[in-house]
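The structure appears right after this line, and notes come after that.
Convention: sequence-line order gives letters A, B, ...; per-chain numbering from 1.
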Amino acid sequence: MKLSDRITGVVLALLGIAAFYGGSRLPPVPGQQVGPNVFPMVVGAGLLVVGLLIAFRIGRSFEDAAEAEIEKFGGPDHEAETYARKRRWYAFLPPALMVFYYLTSERIGFIPIATIMIAVLAFALGANRRLILPVAIVGAIVIQVMFVKLLRVPLPPGLVPMPW
Amino acid sequence: MNNFLAAFSMVFAPDVLIAMFASAIYGLIIGALPGLTATMATALLVPVTFYLSPIAAIATIIASSAMAIFSGDIPGCLMRIPGTPASAAYTDEAYRMTLKGQAETALGICLWFSALGGIVGTIALVLIAPALAEIALSFSTFEYFWLAILGLMCATLVARSSPVKALAAMLIGLLVSCIGIENPAGTPRFTFGLTDLLGGIDVIAALVGVFALAEVMRALTQKEPPEIPERKLGSILKGQIELTKKYPKQQIRGNIVGTLIGALPGAGADMAAWVSYSLSKRFSKEPEKFGTGHPEGLVEAGASNNAALAGGWIPALLFGIPGDTITAIAIGVLYMKGLNPGPTLFTEKASSMYALYLVFIIANIIMIPLGIMLIRVSKYVLKAPRSLIMPIIMVFCAVGAFGAAGNNLFAVLVVAAFGILGYVMEENGYPVAAMVLGIVMGTMVEQNFVTSLIKSDGSILPFLSRPIAAFLAFFTFLALFWPLIAWMKRYRAALSPA
């Protein structure tokens with residue numbers, strides 16, 4: 001997910017403005033000059049400044065120097081770069097699966113949801129198809145036993161409570 | 001002496017030894033698998049440390065991280081793929097040695113000098129930390145404020161990226177630390193009315209997102225590494241004593257540089273290896289041999305990255321300022337276990353400190369036999385398909401963060417959000433280590449800043465009038481303006497005809 005410096009810089013500057021504004025609206029502590037509003041305002045102002053600097057590509061020369069040094073140690077791999085560009089949206093699958101876990105695990109239970117998560121990601125990573133399902137089921141059960149039995153973390157049993 | 005005996009009985013308790021041994025094997029395997037880093041190993045260990053005694057908890061972190069930094073060298077040697085970023089600097093060199101048929105020597109160097117580096121780093125920790133603690137006892141909030149700021153500035157300076165972007169990453173971290181009611185006035189900030197945000201962002205969940213989930217995300221855009229070719233390996237430790245005698249200066253330099261870089265906030269083992277490798281080349285009598293499978297740089301950088309691990313604990317134990325990303329996680333565990341960082345730790349909990357030193361020494365000694373074992377079976381370990389390991393790691397991220405955050409499901413969303421943030425930042429050249437430092441140290445910076453201002457009645461003067469504070473302030477500003485000075489120098493050099 002490579003973005004131009006212009007975009008990331010502007011996003012940071014906007015975030016800085018929002019933090020500054022949000023900070024300035026916090027209520028002060030009566031009888032004190034420095035309250036909870038000072039720190040977010042300082043950080044917000046800082047973000048605005050560095051965001052603008054980045055948008056105008058200041059400091060870029062340092063990055064180019066670091067990249068040149070890495071190139072000396074092997075050089076860029078064009079094939080890998082094309083592959084990465086082609087699959088850039090796949091990268092967001094793991095966080096999406098985490099949200100899926102957040103939404104469903106309480107109701108359906110840890111083991112079925114974890115099995116689905118492992119299977120989907122293994123498939124996306126191009127795992128051996130015959131291995132995906134067994135690994136997903138065994139993996140989910142092993143993790144469940146480890147956390148519930150050994151570490152006493154209450155994972156939701158949901159629809160398929162385990163006999164142990 | 002009593003403290004020392006107490007430390008002995010703490011470390012040689014069966015639960016500590018078992019925890020150390022298990023986490024050592026865990027660290028060796030995680031480090032050896034490309035894409036799984038030492039920091040990730042530590043982050044995923046945290047939920048387990050909840051259920052261990054304080055010393056056992058710290059021992060698991062020390063043992064697993066030391067092993068992972070060494071074992072990251074194995075795929076570097078055999079497949080030209082660094083197992084952890086800390087091995088990246090000399091992967092090429094090690095692989096060239098393997099091509100020349102010296103795989104066992106290259107692996108032996110990595111193992112032997114890693115262990116030596118780790119032990120020297122520990123000795124530095126033993127000598128430096130108590131001496132610094134003496135000075136630190138007289139620190140007030142003014143000094144702590146500057147120290148924290150200086151730490152944050154160092155993180156932006158040492159990043160292998162644009163200092164402006166590092167500064168931005170650090171500010172994002174500070175902004176994250178503002179969330180919640182953990183501020184001097186107890187006012188809810190940036191909670192957007194969500195009760196889940198009142199307690200602030202759970203640091204462990206955020207770190208699991210940045211260091212573990214982001215790595216799983218990256219794996220989806222990279223091809224599975226190639227199969228490792230069959231290779232017969234001879235004796236691993238043969239010839240290492242001769243190399244130790246042949247390159248004494250390189251080792252000492254590697255150890256010192258490693259410890260210092262480790263102690264600098266934000267810079268850890270990977271940075272230490274890069275710096276040591278290039279120093280080794282610069283001062284070598286035969287620099288032309290570098291890059292052709294020459295052991296000299298390997299000796300220096302291999303020692304350096306393991307020395308850095310111990311160095312990272314110096315500021316972490318003394319001030320609660322993480323020296324690297326691993327100690328950024330470890331500090332949270334220290335607090336949880338009642339070993340709150342600070343100079344008094346060395347007087348009030350002296351036996352625990354001795355125990356910690358012992359754990360370091362033992363970890364680096366058992367690294368040698370365990371490392372040889374792992375090298376022997378590396379053929380099988382490296383065959384483990386990434387496509388099946390990464391999904392398991394992902395589920396660990398969810399469950400581990402859930403457990404570490406006190407069985408709070410919201411932590412899973414925090415992991416997802418910080419996974420995305422960490423991934424996008426890394427892709428665009430924003431160093432995540434700087435952000436992590438901001439998150440971990442934000443509360444400390446703000447508290448010391450506000451308390452100091454209240455003490456001084458809003459005046460800036462006491463920030464600069466106390467001698468140590470002024471000294472720290474000077475270095476902070478130097479660090480802030482250093483990139484500008486460096487850039488001007490380069491600009492002038494470019495203008496003047498060569």
Side-chain angles (χ1 to χ4, degrees), chain A residues 1-3 8 12 19 22 26-27 29 32-36 38-40 43 46-47 50-51 53-54 58-63 66 73-74 80 83-84 87-88 90-95 97-99 101-102 106 114 117-118 121-122 124-127 131 135 139-140 143 147 151 153-155, chain B residues 47-48 50-51 92 160-165 167-168 171-172 174-175 178 183-185 187 189-190 213 216-224 385-388 390-392 394-399 402-403 407 409 412-413 415-416 419-420 423-424 427-429 446 449-450 453-454 458 483 487:
Chain A
M1 197 72 205
K2 287 218 167 54
L3 303 161
T8 58
L12 286 172
L26 288 167
V29 180
Q32 253 178 41
Q33 292 148 309
V34 274
V38 176
F39 195 61
V43 174
L47 270 175
V50 292
L53 286 177
I54 291 165
I58 288 168
R60 181 79 210 180
S61 61
F62 287 89
E63 263 176 277
F73 285 93
Y83 185 80
R87 290 185 47 110
R88 63 175 178 258
Y90 280 76
F92 293 92
L93 186 61
L97 288 171
M98 301 293 260
V99 175
Y101 179 88
Y102 174 79
E106 294 266 271
M117 286 168 76
I118 296 174
L121 192 63
L125 281 163
L131 284 177
V135 168
I143 293 174
F147 275 81
L151 303 179
V153 173
L155 296 176
Chain B
V48 179
F50 275 40
Y51 305 89
D92 243 20
R160 296 177 55 77
S161 169
S162 139
V164 186
K165 283 189 172 175
L167 208 56
L171 288 168
I172 294 173
L174 289 180
L175 193 59
C178 286
N183 54 65
T187 318
R189 286 192 305 204
F190 306 119
L213 194 70
V216 177
M217 293 170 71
R218 205 161 297 126
L220 279 154
T221 64
Q222 287 166 352
K223 280 191 186 153
E224 184 117 6
R386 195 188 61 170
S387 54
L388 293 174
M390 285 299 181
I392 306 267
M394 175 185 64
V395 175
F396 260 101
C397 292
V399 186
F402 171 76
N407 306 332
L409 199 54
V412 179
L413 287 188
V415 174
I420 296 175
Y423 173 75
V424 173
E427 285 279 288
N428 291 293
E446 178 172 17
F449 178 59
V450 172
L453 271 181
I454 291 172
W487 178 79

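In this structure, the separation between CG on A:Leu93 and CE on A:Met98 is 11.5 Å, given to the nearest 0.5 Å. Taken from CG in A:Leu155 to CD in A:Glu106, the straight-line distance is 10.5 Å, to the nearest 0.5 Å.
Looking at B:Phe402, the atoms closer than 4.5 Å to chain A (heavy atoms on both sides) all sit in the side chain, from C-beta outward. Of the atoms belonging to A:Leu47, heavy atoms from both backbone and side chain fall under 4.5 Å from chain B. In this structure, chain B has a heavy atom under 4.5 Å from the side chain of A:Leu26, while its backbone stays farther away. Both the backbone and the side chain of A:Val43 come within contact range of chain B, judged by heavy atoms closer than 4.5 Å. Looking at A:Ile143, only its side chain comes within 4.5 Å of chain B, counting heavy atoms on both sides. Both the backbone and the side chain of B:Asn428 have a heavy atom closer than 4.5 Å to some heavy atom of chain A.
With chain A as partner, the option from B:Ile420, B:Leu213, B:Leu171, B:Ile454 having the largest number of non-hydrogen pairs under 4.5 angstrom is B:Leu171. Most heavy-atom pairs under 4.5 Å with chain B: of the set A:Ala84, A:Gly139, A:Pro94, this distinction falls to A:Pro94. The greatest number of non-hydrogen atom pairs below 4.5 Å with chain A, out of B:Glu427, B:Arg386, B:Gln222, is found for B:Glu427. Of the residues considered (A:Val50, A:Val99, A:Leu97), A:Val50 shows the highest number of contacts with chain B, using heavy-atom pairs under 4.5 Å.
By the side chain to side chain donor-acceptor pair (under 3.5 Å) test, A:Thr8 is found to be paired with B:Tyr430, residues two or more places apart in sequence or in another chain being considered. Every residue two or more places apart in sequence or in another chain that forms a ring-ring contact (aromatic ring centres under 6.0 Å, His included) with B:Phe396 is listed here: A:Phe147.
A heavy-atom distance below 4.5 Å is not found between the side chains of B:Val395 and B:Ile392.
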